[in-house]
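Step one of this worksheet: look at the structure below.
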Amino acid sequence: MRFSTLFAPTLKDDPTDAEVVSHKLLVRAGMIRQIARGIYDYLPLGLRVLKNVENIVREEMNRAGAQELLLPAVCPAELWQESKRWDVYGKELLRLKDRHERDFCIGPTHEEVITDVVRSAVRSYRDLPLNLYQVQTKFRDEIRPRFGLMRGREFLMKDAYSFHTDKADCEREYRHMFEAYERIFRRCGLEFRAVEADTGAIGGSLSHEFQVLADSGEDAIAACSACSYAANVELAALGEPTPDALTEEVSVELQRVATPSQRTVEDVSSYLDLPVDRFIKTLIFEKDDGSPVAALVRGDQTLSEAKLRAALGCEWVRLAEADTVHEVTGASVGFAGPVGLDAPIVADLSLHGIRGAASGANSDDEHLVGVEHGRDFGTGVTFADLREAVAGDRCPRCGEGTYAIHRGIEVGQVFYLGTKYSNALGATYLDAEGQTKPIEMGCYGIGISRTMAAAIEQSHDDDGIIWPQPLSPYPVEIIPVSLTDAAVVETAEKLDAALREKGHEALVDDRDERAGVKFKDADLIGIPLRVTVGKKGLEKGIVELKHRADGTVEEIPIGEAPARLVEKIG
RNA sequence: CGGGGUGUAGCUCAGACUGGUAGAGCACUGCGUUCGGGACGCAGGGGCCGCAGGUUCAAAUCCUGUCACCCCGACCA
């Protein structure tokens, strides 16, 4: 490809509407343009990267025995009404009407549509198992799209769905897909962790997320230093707390103290001059059945809603509104506490046996100090693992390592769905005994466009993108330093032709620009291998090979260049 | 949806408080010089100042409304 004809409008300045580095660099490198919030144009260079990710995913899915199909982006409402998600999904689902006023939506995910195809075609256990996937543009009308391609509204996704006669076979396929995903992200040249995950709104009971490690990631992952266990901090298991100063604290008298307008743990902590870990944080939640529940964690801990849901065994919980809080506690938000509270209480394990603690007094502008579990509260309290994991927590799986916290970008997720959708939509098969049974399902997603952005978040420097070789829009960039030197131009062209003959298309910067401009654009665009052809080198019979990642330069005899490059491209 | 911010040339931004009819740098076009890390000179082209109302002799500037985009929050593969 000749740069002189390439449509790659590079920019010197960061666009004002971009915040994260992948968004800035993709726009500056002329790979994408924003056309509306969360919606982007893919320009030629960007599309090549996207296709590289897509092709790796496709090859590995096919290798794993899945079959590609393509479902419609615009889906009839009926299927969504059947699964109840027409009502449950909310505003994130983009709805539209056709000319006959019939309801449709733009598919944000395709469980309903694929289940419809399968229920209409699969009759017998002999037709199973099946694994069907597609690569398709999805639309989710996010409340707040941000971070460029990392959380767009329109995005490219690979979604696969598998269908089985029983749970055991579905779990087999789940593991099979898990391994395929490991191959995919390894082939993309990404540093990632597969972590245990919450199953969220899609439902099901077993799930792993594939997280690309990057400091800018939205998710926090706890990974054990000794074993292979890793999980989202919201879910990372925590064992019984070791006895510490808080439970060995001597018993003191319960006292009511005035704390005017001191609502947050930090406020009260500094007002009373007590460390935050001596506080019992009391959060009032509303459950899916509408009833209130109080959740307790220590002042220095963060409550995990996912763990709370699991402890309560309910579909969802949400923080109660101010008037509900007032009804339950008799006080404004900020003064709740477990003592004398007339509501079910779930407390984190670390609060078991706590003494000399502080909490809200269920009365405006008042807190309690000297609070003691067992003496002052405890009846009707259940204890559970409720808090998010933090660095240094002991891993209960192996009992040896401790957690380190990494930031991650979720690029893929695998779910065991069970019969949630097959039951809702009546997808059944006849078993060998002629009995009608619901089909067991799994689903497996990869954010293709998000993976492209995650690669940049993980791999860039002040000068621009550093693509992993497998994702790079071109494997090599060739820069003839001067266009007026016939030998330089000819050498560059011959090298380009030699590479083409070996099946690799290089990007040749044949623009009539000064060398500095070409070097700057090359760094920005981030092709991992750069060959500089210049007069000085030719006099020595060499071209220079510069590695984008570490800046190292090798001098290569002209004749050896094609072979050496092919070797490095791999 | 709540809070905050920004809309002026392709890009990054001045100008607004104090109303008088549009600017800079980069990019672009032409000529010349230059040519291995974003060159220089000269000469050019390009904007209904987001949109719609209003005030005024006069509005980018003041007022009202509206739309778009960005950030924080709630929410979320």
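In the text below, chain A, chain B and the rest are named by the order of the sequence lines, each starting its count at 1. What you see below is based on every heavy atom in this structure, not just the backbone, and it leaves out hydrogens, waters and symmetry mates.
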**Step-by-step side chain to side chain donor-acceptor pair (under 3.5 Å) determination, Ser22(A) to Glu457(A)** = CA-CA 6 Å; Ser22(A) 63; Glu457(A) 293 293 331; 2.7 Å; yes
**Message:** One pair to check against side chain to side chain donor-acceptor pair (under 3.5 Å): Gln136(A) and Asp159(A). What are the steps and the verdict?
**Reply:** CA-CA 8 Å; Gln136(A) 186 190 47; Asp159(A) 48 327; over 6 Å; no
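Residue contacts for Thr484(A): at a heavy-atom cut-off of 4.0 Å it reaches no nucleic acid atom on any strand shown. Using a 4.0 Å heavy-atom criterion, one finds that Arg33(A) contacts no nucleic acid atom at all. Lys138(A) comes within 4.0 angstrom of no nucleic acid atom, judged by non-hydrogen atoms across all strands. Glu218(A) comes within contact range of no nucleotide atom at all, as no heavy-atom separation falls under 4.0 Å. Among the heavy atoms of the strands lying under 4.0 Å from Asp14(A) are primed sugar atoms or P, OP1, OP2 only; no base atom is included. Using a 4.0 Å heavy-atom distance criterion, Arg37(A) is classed as a sugar-phosphate-only contact. Residue Lys518(A) is out of contact with every strand shown, counting any heavy-atom pair closer than 4.0 Å. Looking at heavy-atom distances under 4.0 Å, Gln34(A) makes contact with sugar-phosphate atoms alone, never a base.
The nucleotide whose nearest atom lies closest to any side-chain atom of Arg144(A) is, among G38(B), C71(B), C76(B), C71(B). When distances are taken from the side chain of Lys12(A) to each of C72(B), C11(B), G38(B), the shortest belongs to G38(B). Residue Asp13(A) places its side chain closer to C11(B) than to any other of C75(B), C71(B), C11(B). Of all nucleotides listed (C70(B), U34(B), G73(B)), C70(B) comes nearest to the side chain of Asp17(A).
Checked for salt-bridge contact, Glu111(A) and Arg85(A) meet the test: a charged N lies under 4.0 Å from a carboxylate O. Electrostatic pairing of Glu554(A) and Arg564(A) counts as a salt bridge here, judged by a charged N lying under 4.0 Å from a carboxylate O.
In the interface, the side chain of Arg151(A) is paired with the base of C76(B) through a donor and an acceptor atom under 3.5 Å apart. Counting atom types as modelled, Arg530(A) pairs no side-chain N or O with a base atom of G36(B) as donor and acceptor under 3.5 Å. Remark: the Glu513(A) side chain and the G37(B) base include no donor-acceptor N/O pair separated by less than 3.5 Å. Within 3.5 Å, a donor on the side chain of Lys546(A) pairs with an acceptor on the base of G37(B), or the reverse.
The backbone N or O of Glu112(A) lies less than 3.5 Å from no partner atom in the side chain of Asp116(A), so there is not a single donor-acceptor pair.
The nucleotide C40(B) finds its pairing partner in G32(B), both defining distances of the Watson-Crick or G-U wobble pair being shorter than 3.5 Å. Base pairing analysis places G53(B) opposite C63(B); the two distances defining the Watson-Crick or G-U wobble pair are each below 3.5 Å. Remark: A24(B) base-pairs with U12(B). Criterion, Watson-Crick or G-U wobble with two distances under 3.5 Å. Taking a pair to require two hydrogen-bonding distances under 3.5 Å in either a Watson-Crick or a G-U wobble arrangement, C1(B) pairs with G73(B).
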